[in-house]
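Okay, structure first, notes after.
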Amino acid sequence: MRSISHQSSSGASITTLLKGCKRSEHLEQVHASIIHRGLEQDHFLISLFIPLSHTLSTLSYSSTVFLRVLTPSTFLWNTLIKSHCQNSFFSHTLSAFARMKAHGALPDNFTYPSVIKACSTTCKPWEGKSLHGSAFRCGVHRDLFVATSLIDMYGKCGQIVDARKVFDGMSERSVVSWTSMLVGYVAVGDVVEAKKLFDEMPQRNVASWNAMLQGFVKVGDLSCARGVFDVMPEKNVVSFTTMIDGYAKAGDMVAARFLFDRAPGKDVVAWSALISGYVQNGQPNQALRVFLEMESMKVKPDEFILVSLMSASAQLGHLELAQWVDSYVSKSCIDLQQDHVIAALLDMNAKCGNMERALKLFEEKTKRDLVLYCSMIQGLSIHGRGEEAVNLFNKMLMEGLSPDEVAFTVILTVCSHVGLVDEGWEYFQSMKERYYISPLPDHYACMVDLLSRSGHTRDAYELIKLMPGEPHAGAWGALLGACKLYGDSELGEIVANRLFEFEPLNAANYVLLSDIYAAAERWIDVSLVRSKMRERNVQKIPGSSKI
DNA sequence: CTAGGGTTAG
């Protein structure tokens, strides 16, 4: 028997009580009286209770209450699913949906948007596809909200063609549908299609403008972004944060700070954009100063802020600061199991010299991702434990993780450091052959450096000729230095002549060049180089050989 | 159901 609360006097009074709940203790009292009056099966009351217990109390508390309902209606399932979703419990959203179907409750058009959102946030496009099919079988796939969340889901997962299909098949679209489609184009970096859609939109709100703004910021087109920003009919803190982040990523922290000071209603995200900007631009002290400024404004730091702070401490290599941040994180309610947090924490400890802590963090984590491995490998390397670093990299490969460009930079640097020519060469080759990554100039430079310093100057020369992009002063310098060191004057001259074509050079390379020419007794070239050095005001480096 | 911030290298 179900009682309908707004018809029974006790249910109505409890509804009033529930709406007045501000703390978890209040909620527990109300729960007690729900049990006392035998209203545990009142779906309306429970539907009010669930979202409240999510915000005021814990996830397990709300689950307990929900589990006591014998036959939850579709309406009640929807309340649970939506509440899970709104509180970012996405895996719970998906499992609640599975339980709902197992219980035989029929999902409707109010069920799907939250479930689809949970799916897009955890980025599982294959599950999204099956949800699409499921919504189709329930006959709700053409519902405005369901279709809009499908566009959002496909767009966020990069399935732009599927998103567009849903969009084109809609008979009625809201401003949110249009914005979701726009976000899809922005997500895949297609700012041209994004702009086209933006111009076609029948109506726009501030979210649409912000999405367009982000589109330009993402491709680094700050002048277009600025153009949009200046003509927006309405700006909010999100618009400002997008621009702050854009300027920060472009290295213009003066502009970023200027906008930050003018941003209305600065929240933790706006602070985060500024702080991480300073960190990414190698100004850890400034980042720290802004963090203290934020604390004085009583803004509570979240895990994003703390990750930036860890990176700042790592850059400074300041052990006491690192220990302070480490204990700060332990005391706060930040989830320490998040991949980003662990990786940053490990890197900070390794760089600040607390290897025991770094290793402990690594050992305790069972599901290790690429970044965590790379941080650990790098950490071992900077403490002179290159062999262990290489072994760990191989272990990572055995676990089936696919290295990216950064991972290869790390491992090639390690090999170069330890002088492991064969291993380095093997990794370098496997980049293209096994992982389909074309090596960047930095990867070539690392390899050239390794080959040169271990005496394989001819191989290094063959490789340097294949290097893409502008001539890399470091790589050429390393090769030149090796020719001199190993007395290969013939190759030295070839390299020198080639390098000379790339003028102007850096100071060290001019010095090496004149040394090579001197060894070959090409005095005319020596004086040519020296006059170039005088012209460019290059000081002779102390300790280099005299002629 | 739509908009903003984080980690690893050089």
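Bear in mind the structure is a predicted one, so any value in this text is a computation, not a measurement. Chain identifiers are assigned alphabetically (A, B, ...) following the order of the sequence lines, protein sequences preceding nucleic acid strands; residue numbering begins at 1 within each chain.
- Looking at heavy-atom distances under 4.0 Å, A:E303 makes contact with a base.
- Listed candidates were B:dG10, B:dC1, B:dG4. Nearest to the side chain of A:D442 is B:dG10.
- By the salt bridge (charged side-chain N to carboxylate O under 4.0 Å, His left out) test, A:K395 is found to be paired with no residue, residues two or more places apart in sequence or in another chain being considered.
- At B:dT8, one or more side-chain N or O atoms of A:S311 fall inside 4.0 Å of OP1 or OP2 (strictly under the cut-off).
- Here B:dA3 presents its P atom at 10 Å from CG of A:L182, a figure rounded to the nearest Å.
- A salt bridge links A:R357 with A:D326; the closest basic N to acidic carboxylate O contact falls under 4.0 Å.
- Under the 4.0 Å criterion applied to side-chain N and carboxylate O atoms, A:E363 and A:K360 are not assigned as salt-bridge partners.
- Applying a 4.0 Å cut-off to non-hydrogen atoms, the residues of residues 229-239 of chain A that approach DNA chain B are A:N236, A:V237, A:V238, listed by residue number.
- Side-chain polar atoms of A:D108 and A:T111 form a donor-acceptor pair below 3.5 angstrom.
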Could you give the side-chain donor-acceptor pairs of residues 404-411 of chain A under 3.5 Å, partners two or more places apart or in another chain?
from, atom 1, to, atom 2, distance (Å)
A:D404, OD1, A:V406, N, 3.3
A:D404, OD1, A:A407, N, 2.9
A:T409, OG1, A:E405, O, 2.9
A:T409, OG1, A:H443, NE2, 2.9

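- Listed in residue order, the members of residues 356-367 of chain A having a heavy atom less than 4.0 Å from DNA chain B come to none.
- The A:A207 side chain lies nearest to B:dA3 when the options are B:dG6, B:dA3, B:dC1.
- A cation-pi arrangement is absent between A:R204 and A:W178, since the terminal nitrogen or guanidinium carbon is not both under 6.0 Å from the aromatic centre and inside a 45° cone about the axis.
- Listed nucleotides: B:dT2, B:dG10, B:dG5. Nearest to the side chain of A:Q214: B:dG5.
- Under the 3.5 Å distance criterion, with hydrogens and angles disregarded, a donor-acceptor pair is assigned to the side chains of A:R164 and A:Y185.
- A:V410 comes within 4.0 angstrom of the backbone, heavy atoms only, and of no base.
- Residues from residues 334-349 of chain A placing a heavy atom under 4.0 Å of any atom in DNA chain B, listed by number, are A:H340, A:V341, A:A343, A:D347.
- Taking the six-membered ring for Trp and the full ring otherwise, the centers of A:F240 and A:F229 sit less than 6.0 Å from each other.
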Please list every donor-acceptor pair under 3.5 Å in which a side-chain atom of residues 215-222 of chain A meets a protein atom from a residue at least two apart or in another chain.
from, atom 1, to, atom 2, distance (Å)
A:K218, NZ, A:V186, O, 3.3
A:K218, NZ, A:A187, O, 2.8
A:D221, OD1, A:S223, OG, 3.2
A:D221, OD1, A:C224, N, 3.1

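- Residues from residues 251-274 of chain A placing a heavy atom under 4.0 Å of any atom in DNA chain B, listed by number, are A:D267, A:V268, A:V269, A:A270, A:S272.
- For residues 146-154 of chain A, proximity to DNA chain B is found at A:T148, A:D152, defined as any non-hydrogen atom under 4.0 angstrom from a strand atom.
- The CD1 atom of A:I377 sits 13 Å away from the P atom of B:dG10 (whole-angstrom rounding).
- In the displayed structure, A:H383 atom NE2 is contacted under 6.0 Å by more than 12 heavy atoms of other residues, nucleotides or ligands.
- Between the CG atom of A:D404 and the P atom of B:dT7 there is a distance of 14 Å, given to the nearest Å.
- Counting any heavy atom pair closer than 4.0 Å across all strands shown, A:S177 reaches no nucleic acid atom.
- Ranking B:dT2, B:dT7, B:dT8 by closeness to the A:Q280 side chain, first place goes to B:dT7.
- Side chains of A:S208 and A:T179: a donor-acceptor N/O pair is present below 3.5 angstrom, by distance only.
- In this structure, A:R368 has no side-chain hydrogen bond (donor to acceptor under 3.5 Å, both in side chains) partners at least two apart in sequence or on a different chain.
- Applying the ring pair (Phe, Tyr, Trp, His ring centres under 6.0 Å) rule to pairs touching residues 271-315 of chain A yields A:F260-A:W271, sequence neighbours excluded.
- When distances run from any side-chain atom of A:K351 to the nucleotides B:dA9, B:dC1, B:dG4, the shortest one goes to B:dA9.
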What donor-acceptor contacts under 3.5 angstrom involve side-chain atoms of residues 87-94 of chain A, with partners at least two apart or in another chain?
from, atom 1, to, atom 2, distance (Å)
A:N87, ND2, A:S83, O, 2.8
A:T93, OG1, A:C85, N, 3.4
A:T93, OG1, A:F89, O, 2.7

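- If you check B:dT7, B:dT8, B:dA3 against the side chain of A:A211, the one that comes closest is B:dA3.
- For A:S180, the side-chain atoms get nearest to B:dT2 when compared with the rest of B:dA3, B:dT2, B:dT8.
- Residue-level contact check: A:V406 touches the bases, meaning some heavy atom is under 4.0 Å from a base atom.
- A:N236 and A:S239 form a side-chain donor-acceptor contact under 3.5 Å, judged by distance and modelled atom types alone.
- We find that CG of A:N281 is positioned 15 Å from C1' of B:dG10, with the value rounded to whole Å.
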Quick one: side chains of residues 283-290 of chain A, donor-acceptor pairs under 3.5 Å with protein atoms, not counting sequence neighbours, listed by atom name and distance.
from, atom 1, to, atom 2, distance (Å)
A:Q286, OE1, A:R289, NH1, 2.7

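- Distances shorter than 4.0 Å separate some side-chain N or O of A:K156 from OP1 or OP2 on B:dA3.
- Using cut-offs of 30° and 60° on the angle between ring planes, the pair A:H141 and A:H132 is tilted.
- In this structure, the CG atom of A:N210 is 7 Å from the C1' atom of B:dG4, given to the nearest Å.
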